[in-house]
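Every value quoted in this text rests on a predicted model; they were computed, and no experiment measured them. Here is the naming used below: chain letters follow the sequence lines, and residue numbers restart at 1 for every chain.
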Amino acid sequence: MNLEELSGLPPGAVSHFQDEGIESLYPPQAEAVEAGATDGDSLVAAVPTASGKTMIAALSMLSAIERGGKALYIVPLRALASEKKDEFEAYEEFGVSVGVTTGNYESTDDWLATRDIVVATSEKVDSLVRNGADWLSDLTCVVSDEVHLIDDRNRGPTLEVTLAKLRALNPALQVVALSATVGNAGEIADWLDAELVASDWRPIDLQMGVHYGNAISFDDGSKREVPVDGSESQEDALVRDIVAEDASALVFVNSRRNAEAAARRLANVVAPELDDEEKAALDELADDIRDVSDSETSTDLAAAVEKGGAFHHAGLASEHRSLVEDAFRDRLLKVISATPTLAAGVNTPARRVVVRDWRRFDSTAGGMTPLDVLEVHQMMGRAGRPGLDPYGEAVLLAKSHDEQDDLFDRYIWAEAEDVRSKLAAEPALRTHVLATIASGFASTRDGLLSFMNETLYASQTDERGRLESVTDTVLDYLERNDFVEREGGTAGGSRSGADADAADDAFTSAADLATEANRDVDLRATNLGHTVSRLYLDPMSAAEIVHGLESAGSRPTAMGLYQLIARTPNMYELYLRSGEDDKYGQLYYELEDELLGDAPSEYEDNRFEDWLAALKTGALLKDWADEMDEDRLTERYSIGPGDLRGKVETAEWLLGAAETLAAEIDSDWSVAVREARARVEHGVREELLELVSVRGVGRKRARQLYQAGVESAADLRTVDKGIVLGALRGRKTAENILENAGREDPSMDGVEAIQVDGGDAPGAAGVDAGSGSTSEAGSDASTTPESEDQSSLGDF
DNA sequence: CCAGTGAAGTTTTAGACAGCATGTC
DNA sequence: CTAAAACTTCACTGG
């Protein structure tokens, strides 16, 4: 189908696509148009990665906008949200506006209401529904990218429920669901009342094969000799072979450690192929990488990058990741060894993809379990760069002939699994049942069940009773913890006043759903329940926090609060390594009085271990808030910079939520919570909190200023400029900071730096727990007012 | 005596969303 | 129902 044949798009859209070199539609895109994508009809497009799914979404959204509507594009990852935003922003050329909203992107409701296309993560959309964003009822088109993730045990139910809610809000909504090729795309289409567009078509050919011995056998029967020299590994040989053709390779492995070790070896394989220009560019990239973070991960990554290779996993800081991804796309890096992060994330295609490990450790299964077909297909789908490679190759590795046959059957000839809803699990229902009640989608038990009946789960299950019984279990839990009130037997749609701020449309349509059913039990969210729903907390997290705050007899310490939020289901705990159960058991005895709530008995093995794992996570947060350096933290807790930032970010969120909860339950400790949160946010001790609020001053500069005797923004306005200059590195930096502090004449012209007392120890500030001694934050830790700040964690 | 090698034993194990209101070194 | 690679340690070899 030619682009010119398309109608209903905004003027300028067709020529825009033509300018981008798009003349005609790919077959699946044409099918989608025939199925009504541009006429506002719902559809499920189950097509391979990189076969133009985004174009299907774009055509649907643009035609919806041209009809006067508004579109929402739901993505599974923040990184994809910004990738899509960048892509759609090109449409501003013909007057289509774009906005993004995720947990870390700025966005106000008012502003989003003015955008034609809004890009958001599924959780963010869920949160917007819970908070009653008015503009959601203006939506006419919703795109759900990677909709097969409904199958995900943790995050799938959110997507499923959110789609059901958006449809309930606006029954005429066009839903465009983009999916990988899965076994039961038709079932998903039925659920969404959508047309199915299924295709295996790819814009460039993908050859799948297995390497065994000295050759790859491909699915089309062809073979390619790739001899393995002596003691080298198969992946080394495969990478060397493809890099010799001046193409790049992606190697998927099953652990971070494997990714790093493989990168070390592969970088040496690739290094001889580099020319001088590339080497210079790589050296520069390596410097950028080292600048991102002060940690071993950063150093190791830079070392691999200098030789043209890299590793990629979630322990990397996000800046690391984008530097690596961009350099790989620019063909500067020849090989990346990666964990599954890369298969799910932003687009990073390679001529050859090697899936080295097809089994992954799973403690719940008690050993190595084979990856899902879908997951392996997603990895293999990264092979072949449209427009750059003549074809893509995806290769699995076999060590025996039997294994080779097995791999063909298991992955190459196999169809991807069915998507199965995971909604009927307690943790998922806990949060979604509360949200459904609190935001007015249901006000009776039957209304709730009717809403649940609109989910994919209901359409898939034969066990009608299961969802009902789990729902009742969850309702018991929510009632017991004072999130929901139940009134049995009373008829009528009474709802609490607090419901009034939820979308009215939501309420009325939900009421419609409930009309047929008997209103045997009225459900109402309490004020606390509303707050929990809006804060986006797992009710179990909220209960733990509430209980912890209520049980505190005196002002909770930062450590107590950090351990409290760390044991919440919303925080993914650090793992206790061998020997650490003793170590943290000992720390537990030392800190017992500081910890909030009831500790499990030591004889309850699993629960006690979780408690200690939370203690370890809390200790990490405490060390961060005591100004321990990044390299030290990452080393002590065996984590990467990305993990550290993730933990800190989660802690900020949970402590912010804890502060709101504290106010809600009239706790005396909201100030203590606020302070603990501020310390985690900036990674500083209490005495620096004021300084750190000055723009341009972070944990390091604040410490340097403090050591020089500058203790507040007011001091910055009055103190001798030479002292400020002496404490900071650059003249320009010092000027900016003075200006931000509101100093009348911030100019540093002609000012001489004055060194005051030990201000020359950048990076040394922090908890020196290596010796197990009292912590030192510069020279004046002994003046720290809080006694809790003086004991160091870690080695004891 | 010491560097180098290799066998044997030990350790570890993917990922990443969210409130609210603005800005690191 | 199910593991494997990386890392550590330690004994031994050859110079």
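Whole-Å rounding puts the Glu664(A) CD to dG19(B) P distance at 18 Å. Between the CG atom of Asn570(A) and the P atom of dC17(B) there is a distance of 13 Å, given to the nearest Å.
Remark: dC17(B) base-pairs with no nucleotide in the shown strands. Criterion, Watson-Crick or G-U wobble with two distances under 3.5 Å. With a cut-off of 3.5 Å on both pairing distances, the Watson-Crick or G-U wobble partner of dA11(C) is dT5(B). Base pairing analysis places dT11(B) opposite dA5(C); the two distances defining the Watson-Crick or G-U wobble pair are each below 3.5 Å. Remark: dT22(B) base-pairs with no nucleotide; criterion is Watson-Crick or G-U wobble with both hydrogen-bond distances under 3.5 Å.
At dT11(B), none of the side-chain N or O atoms of Arg577(A) fall inside 4.0 Å of OP1 or OP2 (strictly under the cut-off). Distances shown here put every side-chain N or O of Ser122(A) at or beyond 4.0 Å from the OP1 or OP2 atom of dC17(B). Residue Arg321(A) has a polar side-chain atom (N or O) positioned under 4.0 Å from OP1 or OP2 of dA16(B).
Side-chain contact check for Glu630(A) versus Leu644(A): some heavy-atom pair is nearer than 4.5 Å.
For the residue pair Thr158(A) / His432(A), a side-chain donor-acceptor distance below 3.5 Å is found, with atom types taken as modelled. Looking at Ser107(A) and Thr101(A), their side chains do bring a donor and an acceptor atom within 3.5 Å of each other. Side chains of Glu403(A) and Trp358(A): a donor-acceptor N/O pair is present below 3.5 angstrom, by distance only.
Here the side chain of Glu123(A) is nearest to one of dA16(B), dT13(B), dA18(B), namely dA18(B). Distances from the side chain of Thr650(A) to the nucleotides dA18(B), dC20(B), dT13(B) place dA18(B) closest. Comparing dT11(B), dG15(B), dT13(B) by their closest approach to the side chain of Ser578(A) singles out dT11(B). Between dT13(B), dA18(B), dA16(B), one nucleotide has an atom nearer to the side chain of Phe361(A) than all others, and that is dT13(B). Out of dG15(B), dA18(B), dG19(B), the shortest distance to the side chain of Thr341(A) is found at dG15(B). Taking the side chain of Ser127(A) as heavy atoms from C-beta on, and the options dA14(B), dG19(B), dT24(B), the nearest nucleotide is dG19(B). Closest to the side chain of His682(A), from the set dG19(B), dT24(B), dC17(B), is dT24(B).
dC1(C) and dA18(B) have their P atoms separated by 38 Å, given to the nearest Å. Annotation: dA3(C) and dA16(B) have their P atoms spaced 28 Å apart (nearest Å). Comparing dC17(B) with dT2(C), their P atoms are spaced 35 Å from each other, to the whole Å.
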Would you tabulate the nitrogen or oxygen pairs shorter than 3.5 Å linking the protein to nucleotides 4-8 of chain C?
| unit_1 | atom_1 | unit_2 | atom_2 | d |
| --- | --- | --- | --- | --- |
| dA4(C) | OP1 | Arg359(A) | NH2 | 3.4 |
| dA6(C) | OP1 | Arg265(A) | NH1 | 3.1 |
| dC7(C) | OP1 | Arg264(A) | NH2 | 3.3 |
| dC7(C) | OP2 | Arg264(A) | NH2 | 3.2 |

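Residue Arg701(A) is classed as a base contact, given a heavy-atom separation below 4.0 Å to a base. Contact annotation for Val253(A): no contact, since no heavy-atom pair falls under 4.0 Å across all strands. Using a 4.0 Å heavy-atom criterion, one finds that Thr733(A) contacts no nucleic acid atom at all. Nucleic acid contact class of Ala344(A) (heavy atoms, under 4.0 Å, all strands): none.
Residue ring and nucleobase are stacked for Trp653(A) and dA18(B), with a centre distance beneath 5.5 angstrom and an angle between planes beneath 30°.
With Arg78(A) as reference, Glu649(A) is the one residue of Glu83(A), Glu649(A), Glu123(A) to meet the salt bridge (Lys or Arg N to Asp or Glu O under 4.0 Å) rule.
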